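Let me begin by presenting the structure, written as structure tokens, before commenting on it.
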Amino acid sequence: MPVTWEKKYLAQRYQNAVNNAQGHSFEEYIQAGCALYSRQGRAEIDKTPEPFRVMEKLGGGIFKGRFTAHAQPDFQGTLAGGRSIVFEAKHTTTDRLKRDVLTGEQQDALERHHSRGAVAAVCAGIGNNFFFVPWAVWREMKEHFGRKYVTAANLEPFRVRFNGAVLFLDYKNGSGLLRFCRTGEEFIDEFLKTEVKGP
């Protein structure tokens, strides 16, 4: 029996709903990491609220609204010692994450923060694997990986710890984000020497 366009449409709607729900869970895992780092005194990082305006109140805490401006990076804050940190959170249920999952506005914002000395990155989730990828690596993805998408194997040097919270300041390989903060581009150079290219 051939697949009709209605079935394809319904399957796509279902997959979009699953992806949206998992994206929200991913951000909640990151927020749990932010709360832990705040309690430890290591960082003060908040989820950036989406800029929107209420158009109509429907009662019962429900309203119609619309976005009023391009969103800022998903998370922004300050690390212990005073350095700014900004990052986008992107998750996929597939086996790869495309560079262009970031909009042009998101890329521009990360570049501006990076050029002014902030830790700018993409906190990436590929399935149940979590990574904190410096913006300079994400930005030059095609140069580093030969294509404009990455797999979990490609990002292994940037895998972060997970204990119910995405611990994005703690690389699983033990190098830690604080080392990245101190050495900046040298950390990326070291990554490029050990990068894992995959299919």
Side-chain angles (χ1 to χ4, degrees), residues 12-13 15-34 37 43-56 63-79 82-127 129-152 154-155 158 160 166 168-169 177 180-181 184-185 187-188 191-192:
Q12 186 60 52
R13 279 189 57 183
Q15 188 60 52
N16 289 346
V18 168
N19 291 346
N20 192 34
Q22 290 187 338
H24 286 296
S25 294
F26 179 53
E27 287 189 352
E28 289 171 3
Y29 296 152
I30 294 170
Q31 286 176 302
C34 293
Y37 293 137
E44 200 60 43
I45 302 167
D46 297 302
K47 170 83 174 93
T48 307
E50 301 286 348
F52 71 93
R53 189 174 102 194
V54 175
M55 303 300 291
E56 179 183 352
F63 63 88
K64 286 184 183 178
R66 76 171 184 187
F67 294 107
T68 58
H70 294 297
Q72 296 296 310
D74 290 329
F75 290 86
Q76 301 186 56
T78 308
L79 299 169
R83 189 161 182 195
S84 291
I85 181 170
V86 297
F87 59 93
E88 289 291 342
K90 297 299 177 187
H91 184 269
T92 183
T93 56
T94 69
D95 66 344
R96 62 187 64 181
L97 200 53
K98 295 180 180 178
R99 181 189 183 279
D100 292 338
V101 72
L102 296 179
T103 66
E105 290 83 10
Q106 291 170 326
Q107 293 178 38
D108 291 345
L110 289 175
E111 184 62 35
R112 284 192 307 273
H113 285 280
H114 172 74
S115 69
R116 287 161 179 80
V119 173
V122 177
C123 190
I126 300 177
N129 302 297
F130 306 106
F131 311 91
F132 197 73
V133 185
W135 169 241
V137 172
W138 189 273
R139 180 186 63 209
E140 305 300 332
M141 189 181 286
K142 181 148 175 67
E143 178 184 320
H144 300 318
F145 303 105
R147 51 187 152 59
K148 291 189 176 184
Y149 70 87
V150 287
T151 64
N154 297 136
L155 297 181
F158 298 108
V160 294
V166 174
F168 53 88
L169 297 183
L177 183 65
F180 168 70
C181 291
E185 297 297 326
F187 182 88
I188 294 166
F191 159 75
L192 295 176

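Just so you know, residue 1 is the first one in the sequence shown, and it goes up from there. If you're wondering where the values come from, they're calculated on a predicted model, not measured in any experiment.
- Here SG of C123 is found 10.0 Å from CZ of F131. Values are rounded to the nearest 0.5 Å.
- Note that CZ of F87 is 4.0 Å distant from CZ of F168, once rounded to the nearest 0.5 Å.
- Side-chain contact between M141 and R147 is absent, with no heavy-atom pair separated by less than 4.5 Å.
- The two residues A136 and H144 make their nearest non-hydrogen contact at O-NE2, 3.9 Å.
- A heavy-atom distance below 4.5 Å is not found between the side chains of H91 and V101.
- Listed for the R83 side chain is a donor-acceptor partner under 3.5 Å among the backbone atoms of G117.
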List the steps and the verdict of side chain to side chain contact (heavy atoms under 4.5 Å, CB included) for V122 and F132. CA-CA 6 Å; V122 177; F132 197 73; over 6 Å; no
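- With values rounded to the nearest 0.5 angstrom, Q31 atom CD is found 7.0 Å from K47 atom NZ.
- Geometrically, K98 does not engage Y149 in a cation-pi contact, judged by NZ or CZ lying under 6.0 Å from the ring centre and within 45° of the ring axis.
- For the atom pair CD1 (I30) and CG (D74), the distance works out to 7.5 Å, reported to the nearest 0.5 Å.
- From F145, atom CZ reaches atom CZ of R96 across 13.5 Å, with rounding to the nearest 0.5 Å.
- Not a single donor-acceptor pair under 3.5 Å links the side chain of E143 to the backbone N or O of E140.
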Show your working on side chain to side chain contact (heavy atoms under 4.5 Å, CB included) between E111 and D108 and close with a plain yes or no. CA-CA 5 Å; E111 184 62 35; D108 291 345; 5.7 Å; no
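- Formation of a donor-acceptor pair under 3.5 Å by the Y37 side chain with backbone atoms of L169 is found in this model.
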Are T151 and I126 close enough, and set up right, to give a side chain to side chain contact (heavy atoms under 4.5 Å, CB included), and what steps lead you there? CA-CA 7 Å; T151 64; I126 300 177; 5.5 Å; no
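- The distance from the CH2 atom of W138 to the CG atom of L110 is 10.5 Å, given to the nearest 0.5 Å.
- In this structure, T92 and L97 have side chains that are in contact, with non-hydrogen atoms separated by less than 4.5 Å.
- Proximity of a side-chain donor or acceptor of S84 to a complementary backbone N or O of T78 within less than 3.5 Å is not detected.
- At distances below 3.5 Å, at least one donor-acceptor pair connects side-chain atoms of Q107 with backbone N or O atoms of L102.
- The main-chain N or O of R139 is found under 3.5 Å from a side-chain atom of R99 such that the two form a donor-acceptor pair.
- Between F130 and F26, the two ring planes are parallel [angle under 30°; tilted spans 30° to 60°].
- Closest non-hydrogen pair, V119 versus L79, comes out as CG2-CD1, 4.0 Å.
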